[in-house]
Structures are given as C-alpha cells and as structure tokens.
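A quick write-up on the structure given underneath.
None of the values given here were measured: they were computed from a predicted structure.
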Amino acid sequence: MTREEKEIIVKDLSEKLANTNYFYITDASTMSVASINQFRRLAFDRGLEYKVYKNTFIKKALDTLEADTSNLEAILKGSSGILFSAESGNAPGKLLKDFRKKGNPLPLLKGAYIDGGIYVGENQLDTLASIKSKNELIGDIIGLLQSPAKNVVSALQSSGGKLAGILKTLSEKE
C-alpha cells in the first residue's frame with residue numbers, strides 16, 4: 001500500500017469519525033471471516049456500518065478529532081474494528097449483545113465514543129446498550145408533560161359526571 005493510499009484511508013476515516021457522534025471500537029482479532037461477515041450483515045440490516053482498520057490508521061484519525069481521545073488510543077492493540085451509528089448511541093451496544101446471544105463471544109468492546117463521552121472496556125457494554133436515544137428521550141419528556149394534563153382532564157370529567165349526577169338528583173327532589 002502506498003503512502004498516498006494510506007493517507008486517503010486516514011482522511012476518509014477522519015471525516016467519518018468527525019461526522020459520526022456514535023462509534024464503538026471492537027476487538028475482532030480471533031473472529032473467523034464467516035463470523036465477521038455475519039456480524040457485518042447484521043450491522044447493515046440495522047443501519048450500522050462495521051469496518052476493520054489498522055490501529056495506526058485509527059490513531060491518526062482519532063488525533064484529528066477535537067475531543068481528547070487519548071483513552072481510546074490506549075486500547076488500540078490487536079485487530080480493531082469500528083462500528084458506526086449515525087442515529088443512536090445505543091444501537092451498536094444492542095447489536096453486540098444480540099450477536100452474542102446467538103452464541104458468538106466476539107467481538108469484544110474495547111471502547112466507545114458517544115456524543116463526546118468516552119467509555120473504555122467490555123464492562124461498559126450494558127451501560128451503553130441501555131443509553132436512550134434522542135427520540136426515546138423526547139418521547140419520555142412528552143409523556144411526562146402529557147401526564148399532568150391527562151390527570152386534570154380525567155379529574156374534570158369524573159367530577160363533571162358527579163356534579164351532573166348531584167344536580168339531577170337535586171332537581172328530581174324538588
């Protein structure tokens with residue numbers, strides 16, 4: 001591979017990292033080609049992208065980000081793949097967990113970059129998979145805002161029914 005080809009790969013990866021708020025770095029060193037292809041296909045089906053890069057390319061691309069990524073650079077050993085998600089920070093984590101449920105112990109999570117936050121280590125996977133997406137948070141907020149209004153409306157409706165019943169009873173007595 002020529003120096004120009006390497007520079008193009010690093011430049012493309014740098015742009016992809018800069019334009020993606022969510023990416024996971026995984027260890028796929030002992031995965032078979034068939035397993036990697038199966039994982040890649042599952043990722044594609046969920047709207048994610050998985051690519052394997054040389055660690056030196058990843059380090060150079062991480063250096064171009066404005067955030068402090070030194071913790072991610074420290075984990076770049078062995079074979080590394082990057083799982084990109086444009087929409088949600090939890091989608092790659094859910095994908096890793098679902099893939100493992102099928103009996104695949106790999107790929108392992110080395111680290112993740114979620115909206116400027118850096119998570120390092122396999123032990124972070126459960127936390128990352130449970131992070132709510134932007135749309136889920138908006139839905140929760142809307143539900144919370146609607147809840148008091150629904151309570152007021154239902155109280156008025158039930159009180160209104162009681163009030164109408166009392167008025168009807170009073171008018172029938174006279």
Side-chain angles (χ1 to χ4, degrees), residues 1-140:
M1 187 179 291
T2 66
R3 173 173 281 206
E4 290 79 23
E5 291 172 328
K6 291 177 183 178
E7 288 174 359
I8 290 170
I9 291 171
V10 170
K11 181 181 178 223
D12 290 344
L13 180 57
S14 298
E15 289 174 7
K16 185 167 263 190
L17 294 178
N19 295 325
T20 305
N21 288 330
Y22 318 107
F23 62 87
Y24 287 40
I25 300 175
T26 64
D27 179 3
S29 58
T30 59
M31 286 181 74
S32 68
V33 173
S35 292
I36 288 177
N37 287 338
Q38 182 184 9
F39 182 71
R40 202 176 263 139
R41 184 176 322 282
L42 187 60
F44 179 79
D45 290 344
R46 295 187 182 193
L48 305 172
E49 181 184 358
Y50 183 72
K51 287 186 115 179
V52 177
Y53 293 96
K54 286 186 168 187
N55 289 326
T56 54
F57 294 164
I58 297 172
K59 282 181 185 177
K60 288 179 181 180
L62 286 173
D63 286 341
T64 65
L65 294 178
E66 293 177 14
D68 177 22
T69 58
S70 58
N71 289 340
L72 288 178
E73 291 176 17
I75 60 169
L76 295 174
K77 296 175 179 87
S79 177
S80 298
I82 302 180
L83 192 56
F84 298 98
S85 174
E87 300 294 318
S88 170
N90 66 358
K94 288 180 179 179
L95 171 69
L96 287 169
K97 288 185 78 149
D98 291 346
F99 191 69
R100 290 183 187 169
K101 285 179 187 175
K102 296 179 181 180
N104 301 301
L106 300 172
L108 296 174
L109 176 67
K110 289 183 176 184
Y113 179 89
I114 310 291
D115 278 332
I118 294 177
Y119 301 84
V120 177
E122 177 67 26
N123 60 341
Q124 299 291 323
L125 184 58
D126 289 332
T127 303
L128 292 168
S130 65
I131 291 175
K132 292 193 176 194
S133 69
K134 181 179 177 181
N135 290 336
E136 290 170 333
L137 289 173
I138 290 171
D140 287 351

(request) May I ask you to test the Leu96-Pro107 pair for a side-chain heavy-atom distance under 4.5 Å? (result) yes
(request) Looking only at non-hydrogen atoms, find the nearest pair between Tyr119 and Gln124 and report the distance. (result) CD2-OE1, 3.6 Å
(request) Describe, in one word, how the ring planes of Phe39 and Phe99 are oriented to each other, choosing from parallel (under 30°), tilted (30 to 60°) and perpendicular (over 60°). (result) perpendicular
(message) Working to the nearest 0.5 angstrom, can you tell me the gap between Ile118 CD1 and Ile25 CD1?
(response) 9.0 Å
(request) State, with a plain yes or no, whether a side-chain heavy atom of Arg100 is found less than 4.5 Å away from one of Leu95. (result) no
(request) Could you grab the distance from atom CG of Asp68 to atom CG of Leu65, nearest 0.5 Å is fine? (result) 10.5 Å
(message) To the nearest 0.5 Å, what is the distance between OG1 on Thr26 and CD on Glu122?
(response) 10.0 Å
(request) Show your working on side-chain contact (heavy atoms from CB on, under 4.5 Å) between Glu73 and Asp63 and close with a plain yes or no. (result) CA-CA 9 Å; Glu73 291 176 17; Asp63 286 341; 2.4 Å; yes
(message) Do Ser85 and Ser88 pair up side chain to side chain, a donor and an acceptor below 3.5 Å, judged on atom types alone?
(response) no
(message) How close do Gly89 and Tyr24 get, counting heavy atoms only, and between which atoms?
(response) O-OH, 2.6 Å
(request) With side-chain contact (heavy atoms from CB on, under 4.5 Å) as the test, would you mind laying out the steps for Val33 and Gln38 before giving the verdict? (result) CA-CA 9 Å; Val33 173; Gln38 182 184 9; over 6 Å; no
(request) For residues Asn123 and Val120, report the shortest heavy-atom separation together with the two atoms involved. (result) OD1-O, 3.7 Å
(message) Please give me the minimum heavy-atom distance between Gly111 and Leu109, naming the atom from each residue.
(response) O-CD1, 3.4 Å
(request) Evaluate side-chain contact (heavy atoms from CB on, under 4.5 Å) for Ile58 paired with Lys54, printing each intermediate quantity in order. (result) CA-CA 7 Å; Ile58 297 172; Lys54 286 186 168 187; over 6 Å; no
What donor-acceptor contacts under 3.5 angstrom involve side-chain atoms of residues 9-18, with partners at least two apart or in another chain?
unit_1 : atom_1 : unit_2 : atom_2 : d
Ser14  : OG     : Val10  : O      : 2.8
Ser14  : OG     : Thr64  : OG1    : 3.4
Lys16  : NZ     : Glu49  : OE1    : 2.5
Lys16  : NZ     : Glu49  : OE2    : 2.9

(message) Can you confirm whether the side chains of Thr20 and Tyr113 place a donor and an acceptor under 3.5 Å from each other?
(response) no
List the atom pairs, donor and acceptor, that lie under 3.5 Å between side-chain atoms in residues 75-83 and the rest of the protein, sequence neighbours left out.
unit_1 : atom_1 : unit_2 : atom_2 : d
Lys77  : NZ     : Ala74  : O      : 2.8
Ser80  : OG     : Asn55  : OD1    : 2.6
Ser80  : OG     : Lys110 : NZ     : 2.6

(message) I'd like to check Lys94 versus Leu48 (side-chain heavy atoms, cut-off strictly below 4.5 Å). Are they in contact?
(response) no
(message) Check this for me: Glu136, atom CD, are more than 12 non-hydrogen atoms of other residues, nucleotides or ligands nearer than 6.0 Å?
(response) yes
(message) Taking the side chain as everything from C-beta on, heavy atoms only, tell me whether Lys132 gets closer than 4.5 Å to Asp140.
(response) yes
(message) Please give me the minimum heavy-atom distance between Lys51 and Arg40, naming the atom from each residue.
(response) CA-NH2, 4.3 Å
(request) State whether the side chain of Asp27 and the backbone N or O of Ser29 hold a donor-acceptor pair below 3.5 Å, judged by distance alone. (result) yes
(request) Could you tell me which non-hydrogen atom of Ala112 sits nearest to which non-hydrogen atom of Leu128, and how far apart they are? (result) CB-CD1, 3.6 Å
(request) Supply the atom-to-atom distance Lys59 NZ to Leu72 CG, rounded to the nearest 0.5 angstrom. (result) 12.0 Å
(request) Measure from the side-chain N and O atoms of Ser32 to the backbone N and O of Ser35, and report whether any donor-acceptor pair falls under 3.5 Å. (result) yes
(request) Give a yes or no on whether Glu5 atom CD has more than 12 heavy-atom contacts from other residues, nucleotides or ligands under 6.0 Å away. (result) yes
(request) Apply the test side-chain contact (heavy atoms from CB on, under 4.5 Å) to residues Leu125 and Lys97: give CA-CA distance (whole Å), side-chain angles for both, the deciding distance (0.1 Å), then the verdict. (result) CA-CA 8 Å; Leu125 184 58; Lys97 288 185 78 149; 3.8 Å; yes
